[in-house]
> 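I have a structure here, written as structure tokens, and I will follow up with some questions on it.
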Amino acid sequence: QVQVVESGGGLVQAGGSLSVSCKASGNIASINNMAWYRQAPGKQRELVAEISREGTTNYADAVKGRFTISRDNAKNTVALQMNSLRPEDTAVYYCYARLRTGFYYNDYWGQGTQVTVSS
């Protein structure tokens with residue numbers, strides 16, 4: 001019954017900005033870390049940014065200084081603010097959440113949202 005749903009993807013010109021959001025819903029007892037991954041055509045899925053329950057962040061080198069990840073623990077949401085976008089940022093962006101509905105933590109993934117950066 002857990003759902004992890006992204007929103008906010010779209011088309012943006014190079015140099016522009018876009019924000020994607022993700023909400024986890026359902027019978028959630030607790031959420032540990034959350035993250036954003038992306039997968040570009042012909043490439044492996046890669047970690048973009050992650051954030052701990054305490055707010056500690058980690059970014060891929062390719063997005064450092066341009067992207068910012070944040071979360072709202074009360075709302076079970078995580079967002080990724082993307083600035084100075086480049087065509088190589090084009091990918092399907094996936095939301096990840098490690099959460100539990102009972103005792104054990106499990107990994108949950110959103111369906112992905114397309115971000116396209118035009119040159």
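Values reported hereafter were calculated over all heavy atoms of this structure, with side chains retained and with hydrogens, waters and symmetry mates removed.
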> Pick from N58, T57, N33: which one makes a side-chain hydrogen bond (donor to acceptor under 3.5 Å, both in side chains) with E50?
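The single option meeting the side-chain hydrogen bond (donor to acceptor under 3.5 Å, both in side chains) with E50 is N58.
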> Whether D61 and K64 form a salt bridge (side-chain N of Lys/Arg under 4.0 Å from carboxylate O of Asp/Glu) is what I want to check.
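Result for this pair is yes, salt bridge flagged.
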> Does L99 belong to the same Ile/Leu/Val/Met/Phe/Trp/Tyr cluster as M34, with side-chain heavy atoms less than 4.5 Å apart forming each link?
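Same cluster: L99 reaches M34 through Ile, Leu, Val, Met, Phe, Trp or Tyr contacts under 4.5 Å.
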> Of all heavy-atom pairs between S17 and V12, which one has the smallest distance, and what is that distance?
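So the two residues come closest at O-CG2, 3.7 Å.
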> Hydrophobic clusters here meaning ILVMFWY residues chained together by side-chain heavy-atom distances under 4.5 Å, can you tell me if V4 and I31 are in one?
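In one cluster with V4: I31, yes.
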> Show the numbers, then the answer: is there a side chain to side chain donor-acceptor pair (under 3.5 Å) between S52 and E54?
CA-CA 5 Å; S52 72; E54 299 85 13; 3.1 Å; yes
> Is it true that atom CD of Q3 has more than 12 heavy atoms of other residues, nucleotides or ligands lying nearer than 6.0 Å?
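Count not over threshold, so no.
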> Return yes if some donor-acceptor pair links the side-chain N/O of R86 with the main-chain N/O of S119 below 3.5 Å, else return no.
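Flag not set: sc R86 to bb S119 has no pair under 3.5 Å.
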> I'd like to know if the side chain of T90 reaches the main chain of V117, judged simply by a donor and an acceptor atom lying under 3.5 Å from each other, with no hydrogens or angles considered.
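Yes.
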> Please confirm whether the backbone N or O of N76 pairs with a side-chain atom of K23, one donor and one acceptor, at under 3.5 Å?
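Checking the backbone N and O of N76 against the side chain of K23, no donor-acceptor pair under 3.5 Å is found.
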> Closest approach of M82 and V115, non-hydrogen atoms and distance?
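Nearest pair, atom of M82 first, then V115: CE-CG2, 4.0 Å.
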> Would a 4.5 Å heavy-atom cut-off, applied to side chains only, mark L85 and L18 as touching?
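Touching, per the 4.5 Å side-chain cut-off.
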> Keeping E6 on the side-chain end and G112 on the backbone end, is there a donor-acceptor pair under 3.5 Å?
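Between the backbone of G112 and the side chain of E6 there is a qualifying donor-acceptor contact (under 3.5 Å).
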> Do R71 side-chain atoms and T77 backbone N/O form a donor-acceptor pair below 3.5 Å?
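No; judged by distance alone, with no hydrogens or angles, the pair does not exist.
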> Can you tell me how far the OG atom of S118 sits from the CD atom of Q13, to the nearest 0.5 Å?
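Spacing of OG (S118) from CD (Q13) equals 5.0 Å.
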> Are L80 and W109 connected, step by step, through hydrophobic side chains (Ile, Leu, Val, Met, Phe, Trp, Tyr) whose heavy atoms are closer than 4.5 Å?
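Different clusters.
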> Testing the basics here: between F67 and Y59, what is the closest heavy-atom pair and its distance to 0.1 Å?
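So the minimum-distance heavy-atom pair works out to O-CE2, 3.3 Å.
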> How close do A91 and Y93 get, counting heavy atoms only, and between which atoms?
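Minimum heavy-atom contact is O-CD1, 3.4 Å.
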> Kindly determine whether Q39 and Q44 satisfy side chain to side chain contact (heavy atoms under 4.5 Å, CB included), including the steps that lead there.
CA-CA 6 Å; Q39 187 166 23; Q44 295 287 306; 5.6 Å; no
> Cation over ring, R45 on Y94, under 6.0 Å and within 45°?
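Verdict for Y94: a cation-pi partner in R45.
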> On a heavy-atom basis, which atom in V48 and which in V63 lie closest, and how many Å separate them?
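Result for this residue pair: O-CG2, 3.6 Å.
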> Identify the two heavy atoms, one from I69 and one from A49, that lie closest to each other, and give their separation to 0.1 Å.
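Heavy-atom minimum between the residues: CD1-O, 3.7 Å.
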> Start with the C-alpha gap between I51 and T56, add the side-chain angles, then the distance that decides, and say whether side chain to side chain contact (heavy atoms under 4.5 Å, CB included) holds.
CA-CA 5 Å; I51 184 167; T56 301; over 6 Å; no
> Among R100, R98, R53, whose side-chain hydrogen bond (donor to acceptor under 3.5 Å, both in side chains) with S30 holds?
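The option that passes is R53.
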> Applying the 4.5 Å side-chain criterion to the ILVMFWY set and letting contacts propagate, would L11 and V92 be lumped into a single cluster?
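No, because L11 and V92 fall into different hydrophobic clusters, even though each may have its own neighbours under 4.5 Å.
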> Filter on disulfide bond (SG atoms under 2.5 Å apart), then keep only pairs touching residues 3-117, sequence neighbours left out; what's left?
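Residue pairs passing disulfide bond (SG atoms under 2.5 Å apart), neighbours aside: C22-C95.
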